[in-house]
Structure formats: structure tokens, C-alpha cells
Novice: 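The following block contains the structure, expressed as C-alpha cells.
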2 protein chains.
Amino acid sequence: MRIAVLGTGMVGRAVAGRLAELGHDVFIGTRDPDATMARSEPDAMGNPPFADWHAEHPQISLSAYPDAAEGAGPVVNALSGAAALDVLSQIGADTLAGRVLLDIANPLDHSTTPPTLSVKDTDSLGEQIQRTYPRTRVVKALNTMNAYLMADPDQLADGDFSTFVSGNEDEAKSTVTELLEAMGHRDVIDLGDITTARGSEMLLPIWLRLWAALDTPMFNFKIVR
Amino acid sequence: MRIAVLGTGMVGRAVAGRLAELGHDVFIGTRDPDATMARSEPDAMGNPPFADWHAEHPQISLSAYPDAAEGAGPVVNALSGAAALDVLSQIGADTLAGRVLLDIANPLDHSTTPPTLSVKDTDSLGEQIQRTYPRTRVVKALNTMNAYLMADPDQLADGDFSTFVSGNEDEAKSTVTELLEAMGHRDVIDLGDITTARGSEMLLPIWLRLWAALDTPMFNFKIVR
């Protein structure tokens, strides 16, 4: 399956690498591919230059956002929450129409420490994207864990934790759930329609504090029942 | 140990009953003890009349809020989030000074379905209480699970889930952690100072949606690490 992954940061790389490993044709989208490949310094989050990562994943294509999304099946939003709506507008509603959009982004405002949520409780980034692109089939998922665990759940406790999906369309949630299960996610919980993304996005405040308290991002939420 | 439990609802009853079972002298506080005992109908949440419950727990005292708190060691806030600050003001800062206050309340606004949070992300009910009563040692805990699991964790998966504490004072958190462990909580995670109550209170939006999705409140969060 052809899959577009928007974003070249830690989340984009982890998910793209894993999907390619599973045999998918993965196209990573970025604003300016030449600029992305030319960077020789770590990015703002401390990730090594994209070109170094790409040298180890030559089968993955890098192109401008609209080119990556064109012709793709699912589109993965692995952007920062602050950038997501702007980048999607560069791709355009017509290209995004009918597509399953796996939305991993969290609407974090990094101007405070720890970050706060720029939208919450009565709205969510998942809903904002769904409202802006009503013909796109938005499914929120994977936003509640570290990038390494998104891509390869077996790295922690044999993947014995929970993964949430939120979306208005059962068929789109099934497509995403199949991808998640192929990646190794064992307990995928359907929270309901896209408004339930408020719940998973609002896990970020405790996630950030657990990261500090446990001194590692390698933890996850399991819903015991 | 003498312990005051503020609130006669499901949370107050469950926690008070369990603490009495563990051998503590428990004083439940209510606005008007005569009125509470006189009620013969289920309360707004569908709980049976308090008098019925009390008949099975005759060793637990019922008194007005200030009388219950007077002379107590720890005070447990098992009130609704909307009522908490008003009730604490009836008890007064001098009576609450120096006390460990175990704050279980969540600042839920029940005028919407599902409820939203009246304070969140940049503040929390735990912090509001701590700011209003600077001489009281506030510890947020137990607010992330169903009342039955608060009181008796073994009812689900042999208690194999996580319980969070937030507070400014290590000694107060130790007092609460000992109480929690005596009740059966096995994995108590210290999130940090009272501002981290923002994290545990913001679990409520996904808790409410999981309750709907799973069709039972008998689930809990385990932090896998």
C-alpha cells in the first residue's frame, strides 16, 4: 500500500521506517525536500540530520507535502500540532478527499514548561482537522506514546499496553487498526467518534509529567479491565 | 488514626468504609447530619439513602463538616469538585492548618455530556485548594478511578494498576501513600508537586470516554514501564 507520512521528525521517521519494513511504499512529505536533505545539524528536537537517517532507509521517498500525499492511500499526520493545519492546507482538500488521515499530532504549546494544550476539553486537534476537511476520514491514534513505541510496541513489555483510536467512520478506523496491529499493537481500543480525541489528546499533560517522574519516555498506558 | 471523610456520596462511603475496615476511627462530614440521615430516596447519582449504608457501618460517625474535621489526622476530600471549596471554607483555614488533605475530587462540570473540566491544563482543583489553604498539606490522589477500585483495588486484576500522588510535601505524600498501600494500592507513582494534579485531573476526559466505550467503570490505568 502506498502511504504518505507528513513530517521528518522523530515521529515521522519512526512510523515511516516501520511501515516500510512492513512492505509498504512510503513517501515522506516535507516542505522543501532539498532543504531537508541539505541540513547537516541536529533539528530543534535534537534528532540527527534527516539525510543520515535517509541513508539507512533509501527505499523511502522524500518529496514535497502535496507530492507525497498525491496517489497515497492513508496519509499519516506526523507533524507538530502547531504545523498540522498549515501543512494540510498546502496539500489541499481535493487531494485529501476520501483519504484515511491517521492523525498522530498533539496540539502542544511549547512556549511553556511543561507544554500546555492549545486546544482541549471542548475541542481537539483531531476535530479541527475533521471540520476543516469534511471529506477526509480522520482517525486519531498513536498520539499517547513515545515514537519508538508507536512504531515498535514490542520494545516495551512485549507490547502489553493499550492504543486508542477515535474517528467518525468505522471503516477508516478498521483500516488504521489493521495498520496498528501489523505494527504490533495488541490492544486497540475504539473510543468512539472523533470528539473522543479530546480524551486521548488530554493524556499528554500526565504523559509529560510521567516522563519527568519516571525519567524515561519508555512507558505507556495500559487500560486494565 | 482518626480520619475525616468529607462527603456522603459513593466516593465518601467507599473510602470511609474501607478505612474503618482497616481499623481507623472514621468521621464522615456532611452539611446537615439530620437531613442526611432523614433522606429516604436515592441521591442524585442513584446511590441508596445514606441511612441504609450507615446501618451497615454503625462504627462510622456522621457529623457536620467542621465537627468531623476537628481533631482528625488526615482529611479526605470526597466531595464533588463543584462543592469542595465551599465546604472547606465552612471548616476554615485554622482547623485545616497542618492537616494532610487527601483530595480525590475532580473539577467536573456536569452541565454537559460528557462532563467537561471547569479548571484544567494551567491550573487544577488540587492547586486551587492548596493556594486557598497554604497551611494545609494537600495531596491529590485516587481521582483517576472508580470509587470501588479506590477503596478495594483487588476487585480488578488483583490491583495490578497505577495510582498517582501529587503534592508539595514529601512527608504528606508518604502519609497518603501508606494509607493507599494499606488499602491495597500496589503501584503508587509520585508525579511531583501539586501542579502535577493537572495531569491526573485531565485523565478524566478519557476516563469518561473509556467508561462509555467499555460499558463499565471497572477499569483502570496501569503505567507500563
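Bear in mind that the values here come from a model prediction, so they are computed numbers and not experimental data. Below, chain A is the first sequence line, B the second, and so on; all start at residue 1.
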Novice: When you measure from the side chain of D121(B) to the backbone N and O of L117(A), does any donor-acceptor pair fall under 3.5 Å?
Specialist: yes
Novice: Give, as side chain, backbone, both or neither, the part of I189(B) having an atom under 4.5 angstrom from any heavy atom of chain A.
Specialist: side chain
Novice: Might you point out which heavy atoms bring L156(A) and V224(B) nearest each other, and give the distance in Å?
Specialist: CD2-O, 3.6 Å
Novice: Side chain, backbone, both or neither: which part of L214(B) has a heavy atom under 4.5 Å from chain A?
Specialist: side chain
Novice: Counting only heavy atoms not in D215(B), do more than 12 fall under 6.0 Å of its CG?
Specialist: no
Novice: Carefully, step by step, assess F221(B) and I206(A) under the rule side-chain contact (heavy atoms from CB on, under 4.5 Å).
Specialist: CA-CA 12 Å; F221(B) 302 96; I206(A) 197 165; over 6 Å; no
Novice: In terms of heavy-atom proximity below 4.5 Å to chain A, should M202(B) be classed as side chain, backbone, both, or neither?
Specialist: both
Novice: Of the listed residues (K222(B), R198(B), K120(B)), which shares the most heavy-atom pairs with chain A below a 4.5 Å separation?
Specialist: K222(B)
Novice: Could you have a look at S166(A), G199(A), G192(A) and say which one has the most heavy-atom pairs with chain B under 4.5 angstrom?
Specialist: G199(A)
Novice: Can you tell me how far CD1 of I223(A) sits from CG of L210(B), rounded to the nearest 0.5 angstrom?
Specialist: 5.0 Å
